[in-house]
Amino acid sequence: MGETIVTRFAPSPTGHLHIGGARTALFNWALAQGRGRFLLRIEDTDRARSSEHAARGILEDLAWLGIDWDEGPEFEGRGGDPRSVGPFRQALRLPHYDVCVERLIAEDLAYPAFETGEELELLRAAARKEKRGFRYRRAAGWDREAALARMAAEEHVVRFRMPQAPVGVVDAVLGNVEFGEEHLDDFVIRKRDGFPTYHLAVVADDAAMGVTHVLRGQEHLNNTPRHVALQRALGFPQPVYVHLPVIANPDGSKLSKRDKDKAARAAVKAAIAEAGEGARERFAACVGAEALEGWLGDKRSQLEPALLAELAALLELELPCIEVEDFRRAGYLPEVVCNYLALLGWSPGEKDAEDRDLERFDRDFLAERFSAERVGRSAASFDLEKLGAFDQESIAGLSDADFYERWSEWLTRYAPQALEREESWRRRFAAMIRTRSRTLADPTASAGPGAFAWLPDDGYAFDPKAVAKFLHKGEPAGHVLLTAASEVLAAVEPFEPDAIEAAVRELAEARSVGMGKIAQPLRVAATGGSASPPLGETLAILGRAAVDRRIRRCLGECAPA
RNA sequence: GCUCCCAUCGUCUAGCGGUCCAGGAUGCUGCCCUCUCAAGGCAGAGACACGGGUUCGAUUCCCGUUGGGAGCGCCA
């Protein structure tokens, strides 16, 4: 292997890892596997919004996905600084950026500026009014000596002098992109608080850390001329740029954390419209009256994640999966999330043994085959159905023991009360519900395939349509056969799937009816609905006593009119 | 508004000038299997945005139109 590739993922710690960020991390990781190193850097130059908590959450999200970093913050055996290019938090690298800034100022490639944010806002508004773009440019009669003198005494930002020439960006997937100089302005590289802006920080750090390939979302393309200009001014080598297509919502808009608020807001408004002011008060009690009004009125405002979750629970609304943590909570397997994500904007372009497009593969395969040449150009929208299909297929492919392990881990984290059931029961239940589960959350989901097994014997409703079809109609009617079945079941020994099914079959033959004539009424009685795992398994997992109670309740509540 | 990017089935995509009346996956529909569901098997509907070029020949190359997206911060 010739040149060593160095890639990096550089999230800003302002919340959980976004699913688009996860894909970026995955591709950066993949490119470096076996070819070089992958490093993680925390871009926490926004002092107001960054948090230690969020940074840790992101490390955890990456670790869950199976994305390990060679260099970066240390976390459960990952990370470290073998080449001494750290630290990997930008807030700890301020002197490093200052060196760059001073150098640029000394060469008159950067300069202090003293306008306040409000002044700039006015200028921008004026430009907008005249329908032209606002560009900050150093005034013609600018006095360098005076500015430098002022700089020592006054608060200021430092701006980079954008060269008065077009800047060309070379991108591995988009080709050459030209940006005219008339649109590039003198951007800020060091803020009033002394922290570098994103532009300076990435460029300085990528150079210091020897980053050779920058894979990032296409939304960064417009920033790239700035970075290129900075690299040239500082004499830094230029990395290979690979701009990844954005991941969009089904409606075509960019997938955003705000989508959760959007979904909840729509649901709240609908609820208020339908149920009136009473509903509004209920929501106000949850988030606070003032906060609620503000949030409802401003499309861009966001609620605290915890409050949003509470609100969703109140609405019985499932918030869209946007962050890695959402997918984890929803019970998707991390390897499947990686697999699906890898297909968004990239494809291996190979066929499988059946001559179909190869779509299912693991991280090792991705690491081996990934290359910028096969990255697509157009935005990809996230299809939860397809992810679900992949997840179901993977779950079906797990052994009973492996599934039980994975499911137990999920339960421990997200539904610990389920652990109160005996382990032997849970193992048995897991085995019968596995192939009917799309996610690890399905076995305990209230509308899931195994819901009947978790509810108390008097805690579920009998579906009226199923009751009408399987208990009331027919000759003999279902409830008559159910009564007979109830007696047969009382004598079944042992109360296990095979014996139960044999007994039911025998009864069906004795009455000269099909197996379904008896199985369905039993199923309705035992589960409330007309669909469940095979009858024997369904009844056996409940146990003889529970089945008896359930049948009695059903006979009592669902007698024909 | 300005700049930049993009454009194949609903969605993800294969296709890098003829092998394409366009292939796969997912979703959808029907049938089979079957005590129901799930799984499985089989079958089916479903796309090259439009208009100009270039070429013997365009889904593939060029230009334009239209449509979509992103960016325009002392956020990253």
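So you know, we letter chains A, B, ... as the sequences are listed, proteins then strands, and number each from 1.
Under the 6.0 Å distance and 45° angle rule, A/R41 does not count as a cation-pi partner of A/F88. Within the cation-pi definition used here (under 6.0 Å to the ring centroid, within 45° of the axis), A/R226 does not qualify as a partner of A/F160.
Ion pairing of A/E496 with A/R428 is present here, as a side-chain N (NZ or NE/NH1/NH2) and a carboxylate O approach within less than 4.0 Å. A salt bridge links A/D46 and A/R49; the closest N-O separation between the charged side-chain nitrogens and carboxylate oxygens is under 4.0 Å. A salt bridge links A/D98 with A/R190: at least one charged nitrogen is closer than 4.0 Å to a carboxylate oxygen.
Remark: B/G71 base-pairs with B/C2. Criterion, Watson-Crick or G-U wobble with two distances under 3.5 Å. Pair assignment for B/A45: none, as no Watson-Crick or G-U wobble contacts are both less than 3.5 Å. Base-pair partner of B/A7: B/U66 (Watson-Crick or G-U wobble, both distances under 3.5 Å). Base pairing of B/G27: no nucleotide in any strand meets the Watson-Crick or G-U wobble criterion (both distances under 3.5 Å). Using Watson-Crick or G-U wobble geometry with both donor-acceptor distances under 3.5 Å, B/A14 finds no partner in any strand shown. Nucleotide B/C37 is matched to nothing when pairs are restricted to Watson-Crick or G-U wobble geometry with both distances under 3.5 angstrom. Pair check for B/U59 finds none; no Watson-Crick or G-U wobble contact set falls under 3.5 Å.
For A/I247 and B/U13, the CD1 to P distance is 9 Å, given to the nearest whole Å. The interatomic distance linking A/H183 (NE2) with B/G1 (C1') rounds to 12 Å, in whole Å. In this structure, CD of A/E182 is placed 9 Å from C1' of B/U3, rounded to the nearest angstrom. The CZ-P distance, from A/R436 to B/C35, rounds to 14 Å in whole Å. Atom NZ of A/K386 and atom C1' of B/U26 are 5 Å apart (whole Å). One atom, CG of A/N223, and another, C1' of B/A76, lie 9 Å apart when rounded to the nearest Å. One can place CD of A/Q218 at 11 Å from P of B/A70, the figure rounded to the nearest angstrom. What separates CZ of A/F179 from P of B/A70 is a distance of 16 Å, to the nearest Å.
Comparing the C1' positions of B/C61 and B/G15 gives an interatomic distance of 15 Å, to the nearest angstrom. Between B/G69 and B/A14, the distance separating the two P atoms is 22 Å to the nearest Å. Comparing B/A49 with B/U13, their P atoms sit 15 Å apart, to the nearest whole Å. Taking the C1' atom of each, B/G18 and B/G24 are spaced 22 Å apart, rounded to whole Å. For the C1' atom pair drawn from B/C6 and B/U54, the interatomic distance equals 23 Å after rounding to whole Å.
Heavy atoms of A/P11 sit nowhere under 4.0 angstrom from any nucleic acid atom. A/R374 comes within 4.0 angstrom of the backbone, heavy atoms only, and of no base. Residue contacts shown for A/G349 are absent, as no nucleic acid heavy atom lies under 4.0 Å away. When heavy atoms are screened at a 4.0 angstrom cut-off, A/H243 is found touching no nucleic acid atom at all. The residue A/R124 sits close only to the backbone: its heavy atoms come under 4.0 Å of sugar-phosphate atoms, none of a base. Across all strands, A/L358 comes closer than 4.0 Å to no nucleic acid atom at all (heavy-atom distances). Nucleic acid contact class of A/V188 (heavy atoms, under 4.0 Å, all strands): sugar-phosphate only.
At least one side-chain nitrogen or oxygen of A/S381 sits closer than 4.0 Å to the OP1 or OP2 atom of B/C12. Dashed line: the shortest gap from a side-chain N or O of A/R377 to OP1 or OP2 of B/C5 is not under 4.0 Å. Proximity of A/R360 to the phosphate of B/A25: no side-chain N or O atom is located under 4.0 Å from OP1 or OP2. Applying the 4.0 Å criterion to OP1 and OP2 of B/C37, one finds that A/R523 has every side-chain N and O outside that range. At least one side-chain nitrogen or oxygen of A/T45 sits closer than 4.0 Å to the OP1 or OP2 atom of B/A76. Contact annotation: A/R49 side-chain N/O to B/A76 OP1/OP2 distance is not under 4.0 Å. A sub-4.0 Å separation between OP1 or OP2 of B/U3 and a side-chain N or O of A/R226 is absent. The phosphate of B/U13 has neither OP1 nor OP2 within less than 4.0 Å of any side-chain N or O from A/S347. Here A/K191 does not reach the OP1 or OP2 of B/G73: none of its side-chain N or O atoms lies under 4.0 Å away.
Looking at the side chain of A/L174, the nearest of the listed nucleotides B/G71, B/G23, B/C5 is B/C5. In this structure, the nucleotide among B/G24, B/C35, B/A76 sitting nearest to the side chain of A/D357 is B/G24. When each of B/G23, B/A38, B/A70 is scored by its nearest atom to the side-chain atoms of A/K351, the top-ranked nucleotide is B/G23. Out of B/C35, B/A25, B/A38, the shortest distance to the side chain of A/Q520 is found at B/C35. Between B/A76, B/G23, B/C35, one nucleotide has an atom nearer to the side chain of A/R505 than all others, and that is B/C35. For A/T197, taking side-chain heavy atoms from C-beta onward, the closest of the listed nucleotides B/A38, B/A25, B/C74 is B/C74. The listed nucleotides are B/A39, B/U36, B/C12; the one nearest the side chain of A/A531 is B/U36. Counting only heavy atoms from C-beta on, A/N222 has its side chain closest to B/G71 among B/A76, B/G71, B/G27.
Two residues, A/Y340 and A/R192, neighbour RNA chain B, and the one matched to the more 5' nucleotide by heavy-atom proximity is A/Y340. In this structure, A/A396 and A/S532 both approach RNA chain B, and ranking their closest nucleotides by distance from the 5' end singles out A/S532.
Annotation: A/H199 is in aromatic contact with A/H227 [ring centroid separation under 6.0 Å].
Between the side chains of A/R8 and A/N28, no donor N or O sits under 3.5 Å from an acceptor N or O.
Under the salt bridge (charged side-chain N to carboxylate O under 4.0 Å, His left out) criterion, no residue pair touches residues 497-508 of chain A, with sequence neighbours excluded.
Contact of the A/S381 side chain with the A/I247 side chain is not registered, since no non-hydrogen atoms from C-beta on lie closer than 4.5 Å.
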